[in-house]
Amino acid sequence: TSDAASETTAAAANAATTATVSASTTTPVPDIAPDGTPQVFVEVSVTVPLTIAEFTDAKRVSFRKGIANAAGTAIDKVEITQVSAANRRRMLLETSISVDFR
């Protein structure tokens, strides 16, 4: 739901930095666990007011902890799938990155 995504995004952004810039979600993606059990992931992209260099390993762990806490799951269930420079049209600050995770 949109409200759940907003709450999760806010918690994640607060874990990495003190500002939430924007977020979008996609349709859940079905996956199959090694034991054949179907799994569903929600893929989310957020824009964070940091540079790629500033999004250090420690901030990535903090970001994942915030998402896991907001989703009520373990940190090892949260995977950052991509970090890239944000599209200039979406940037609200001079420097920001897009963080994709599931």
Side-chain angles (χ1 to χ4, degrees):
T1 66
S2 176
D3 290 340
S6 295
E7 289 174 15
T8 300
T9 300
N14 285 334
T17 185
T18 58
T20 300
V21 178
S22 66
S24 62
T25 60
T26 60
T27 304
V29 179
D31 201 0
I32 304 297
D35 67 0
T37 306
Q39 297 181 329
V40 176
F41 298 96
V42 177
E43 295 180 338
V44 180
S45 180
V46 297
T47 302
V48 180
L50 298 171
T51 65
I52 291 173
E54 292 170 334
F55 197 52
T56 62
D57 288 343
K59 287 187 180 170
R60 290 172 190 238
V61 169
S62 182
F63 180 90
R64 290 176 57 228
K65 282 181 183 177
I67 294 295
N69 187 42
T73 192
I75 188 172
D76 64 337
K77 301 286 186 188
V78 178
E79 174 187 2
I80 295 175
T81 57
Q82 183 175 351
V83 177
S84 58
N87 183 329
R88 282 207 164 284
R89 288 177 281 163
R90 292 176 50 198
M91 291 191 321
L92 298 177
L93 301 174
E94 286 186 24
T95 306
S96 61
I97 57 174
S98 177
V99 180
D100 300 341
F101 62 94
R102 68 179 196 163

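One-based numbering along the sequence shown.
The two residues T73 and K77 have their closest heavy-atom pair at OG1-CG, 3.3 Å. When all heavy atoms of S98 and S45 are compared, the pair lying nearest together is OG-OG, 3.1 Å. Residue I97 comes nearest to V83 through the heavy atom pair CD1-CG1, 3.8 Å, listed as atom of the first residue, atom of the second, then distance. When all heavy atoms of A86 and T47 are compared, the closest pair comes out as CB-CG2, 4.0 Å.
Taken to the nearest 0.5 Å, the OG1 atom of T56 stands 5.5 Å off from the NZ atom of K59. Rounded to the nearest 0.5 angstrom, R64 CZ and N69 CG are separated by 13.5 Å. Interatomic distance, CG of D57 versus OG of S62, reported as 12.5 Å (0.5 Å rounding). Rounded to the nearest 0.5 angstrom, K65 NZ and R60 CZ are separated by 15.5 Å. Atom CZ in R102 sits 5.0 Å away from atom CD in E79 (nearest 0.5 Å). Rounding to the nearest 0.5 Å gives a distance of 5.5 Å between CZ of F55 and CZ of F63.
Residues I75 and F101 are members of separate hydrophobic clusters, defined by side-chain heavy-atom contacts under 4.5 angstrom among Ile, Leu, Val, Met, Phe, Trp and Tyr. When the side chains of ILVMFWY residues are joined at heavy-atom separations under 4.5 Å, either directly or via intervening members, V61 and V48 end up in two distinct hydrophobic clusters.
A side-chain donor-acceptor contact under 3.5 Å links T81 to the backbone of D100.
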